[in-house]
There are 2 protein chains.
Amino acid sequence: MARAVPETHAEILTAAARRFASTGYKGTSLQDIAGEVGCSKATVLYHFASKEALLTELMAPAIAVLVGLDARIAEQQRGADAQRVAGEGFVDLAVRFRREIALLRGEFTELLQQPAFVHIRQISDRLIDALAGRPDRPSARIAALVVLAGIAETCAEFIDIPDDELRPALLAVVQRALEPVT
Amino acid sequence: MARAVPETHAEILTAAARRFASTGYKGTSLQDIAGEVGCSKATVLYHFASKEALLTELMAPAIAVLVGLDARIAEQQRGADAQRVAGEGFVDLAVRFRREIALLRGEFTELLQQPAFVHIRQISDRLIDALAGRPDRPSARIAALVVLAGIAETCAEFIDIPDDELRPALLAVVQRALEPVT
DNA sequence: AGCATGCCTGACCGATCGGTCAGGTGCTGA
DNA sequence: TCAGCACCTGACCGATCGGTCAGGCATGCT
C-alpha cells in the first residue's frame, strides 16, 4: 500500500499501544499490530528492531516520569514528606499513563525479572518504602503494596473515565489507606 | 518411568500449581509441567483433558469458596454489614488461596472474558458493589477496586509470609481504605 | 539516464505451542 | 495362560510465534 506521507512509524506505535493495552504484551502478536495498521508484519519489524523494542519505545515516557518521581522522593528529608510526595506523585503518574499501565497488566512482575528492567524494580522498591513511611513495619509495607498495586490495576480498569474524576478518588483512598508516619 | 503407586495425577496438579504461580498460566507450557514431574507431556494430557481443564481443577476449591462468600454477602440486609462481610471474607479467601491468585497474575481480567468464567465476573462485580458500600458513588467504587486488586496482588507477592502476619495487616488496610457507609 | 536510498513486501525460517495417536508395558482377575 | 485394563510414551500434527532476507517500487540527487 503506497502512502503519500510515510507516517507508518507513528501508526504502528499507536496501534501497538491500543492492542497491548487490550490484549497484553504477550497476548498481542506482531501480526495483530500489522493487521490493525494495514501493513505487513515485515513492515513492523522494519520500523522497530524487535517486538521488545516496540514495547520499550512505548514505555519510555512513563519510565522517564517514574525516574523523575524517584528523584523527587529521594530529595525529601522527613518520612512524612516522602510519603506524601510518593503517594501524590504515583497517583498522578498512574492516572496520566493509564494506557501504559494497562498494557503491562499482569506481565509487570514478569517483565521486571528481565535484566533490562532491573532499575525499574529498584525504583518500585523505593516507592514502596516511601509509601510505607516506616519500612521496618511489615504492616506498613503491606499497606503500601496494596495501595500501589490497587492504584495501578484501578487505573488500567477505569481507562475511559475523565482524569479529574479518577485522581481525587485515588488521592483520597491513598490518604486513608496508608499508615500515618508518626 | 515405572511408578510403584501411580500418584502421577496429584504430582501433576502440584507441579502445575507451582509453575503457574511463578510463570503464569500462559507462560507455562505443558512441557514445563511434564519436565518438573518427570513424565512426558502426553502423560499430562492423559490425566487432564486439556491445559484449561488442569487450570479449572486447580481453581475449583477457591471458586467454591468465592461462590460461598457471594451467597453470604447477599444474605446481609444492611449495606454496612455487606461491606464488612465482603471485606473480611475476601481477605480470608485471598490469604488462604494465595497460590491460586498468584497463578492468575495479570491473566485474571483476560480469563474472565471467556464464556466459561462469566459467573465469576458477575460475582466480582457484586463484590465490588458490596465493598463500595454505596455503589452509586463513583469514588466508593474506585476505593473498592483499589482494595480488591491491591489485596489480590499483595497476597500473590507475599506468598511466603505466615498467614497470621498477612491477614491482620490486610484487614486493617481494608477498614481504613473503604469509604464508610453512613 | 543512471544510481542510491527509503519504504515496503511475500516467502521463508526455526522454535514452540496444545493436542492426537498408535503402540508398549506391567499388573490383575478369570 | 491370556485377555483386558490402567498407565505411559515417542512420534507426529497443524497452528502460531518472532524474526530474516532478497527483492520490488517509488523518489530524488547527480
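When reading the values below, keep in mind they use all heavy atoms of this one structure, side chains included, and skip hydrogens, waters and symmetry mates. Lettering of chains follows the sequences in order, A, B, ..., and the numbering in each one begins at 1.
- Side-chain contact between I161(A) and I142(B): present, with at least one pair of heavy atoms (C-beta onward) separated by less than 4.5 Å.
- The nucleotide whose nearest atom lies closest to any side-chain atom of Y46(B) is, among dG19(D), dG19(C), dA6(D), dA6(D).
- A heavy-atom distance below 4.5 Å is found between the side chains of L170(B) and C155(B).
- Minimum heavy-atom separation, A130(A) to A82(A): CB-O, 4.1 Å.
- Rounded to a whole Å, the CG atom of L30(A) is 9 Å from the P atom of dC17(D).
- In this model, the phosphate group of dC8(C) is approached by a side-chain N or O of H47(A) to a distance below 4.0 Å at OP1 or OP2.
- The closest donor-acceptor contact from the side chain of R167(A) to the backbone of V91(A) lies at 3.5 Å or more, if one exists at all.
- Closest of all the heavy-atom pairs between R98(B) and F158(B) is NH1-O, 2.9 Å.
- L54(A) places a side-chain heavy atom less than 4.5 Å from the side chain of I33(A).
- D129(B) and R141(B) are joined by a salt bridge, as a carboxylate oxygen and a charged side-chain nitrogen come within less than 4.0 angstrom of each other.
- Rounded to an integer number of Å, the gap from I33(A) CD1 to dC17(D) P is 11 Å.
- The shortest distance between side-chain heavy atoms of F20(B) and L58(B) falls below 4.5 Å.
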Original post:
Once each nucleotide of nucleotides 10-15 of chain D is scored for protein heavy atoms under 4.0 Å, what B/S/- sequence comes out, 5' to 3'?
Top reply: B-----
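- Under 3.5 Å, the side chains of E57(A) and H47(A) contain no donor-acceptor pair of N or O atoms.
- Considering all non-hydrogen atoms of both residues, L148(A) and I128(A) come closest at CD2-CG1, 3.7 Å.
- Among the nucleotides dT9(C), dG19(C), dC8(D), the one closest to the side chain of T43(A) is dT9(C).
- Among the nucleotides dC17(C), dG19(C), dG6(C), the one closest to the side chain of S29(B) is dC17(C).
- Contacts between residues 12-26 of chain A and DNA chain C, counted as heavy-atom distances below 4.0 Å, involve no residue at all.
- Considering only side-chain N and O atoms, T8(A) lies under 4.0 angstrom from the phosphate OP1 or OP2 of dC8(C).
- Interface residues of residues 49-58 of chain B facing DNA chain D, ordered by number: none; criterion, heavy-atom separation under 4.0 Å.
- Here the shortest heavy-atom pairing between V37(B) and A15(B) reads CG2-CB, 3.5 Å.
- Across the protein-nucleic acid pair, L45(A) atom CG and dC7(C) atom P stand 16 Å apart, rounded to whole Å.
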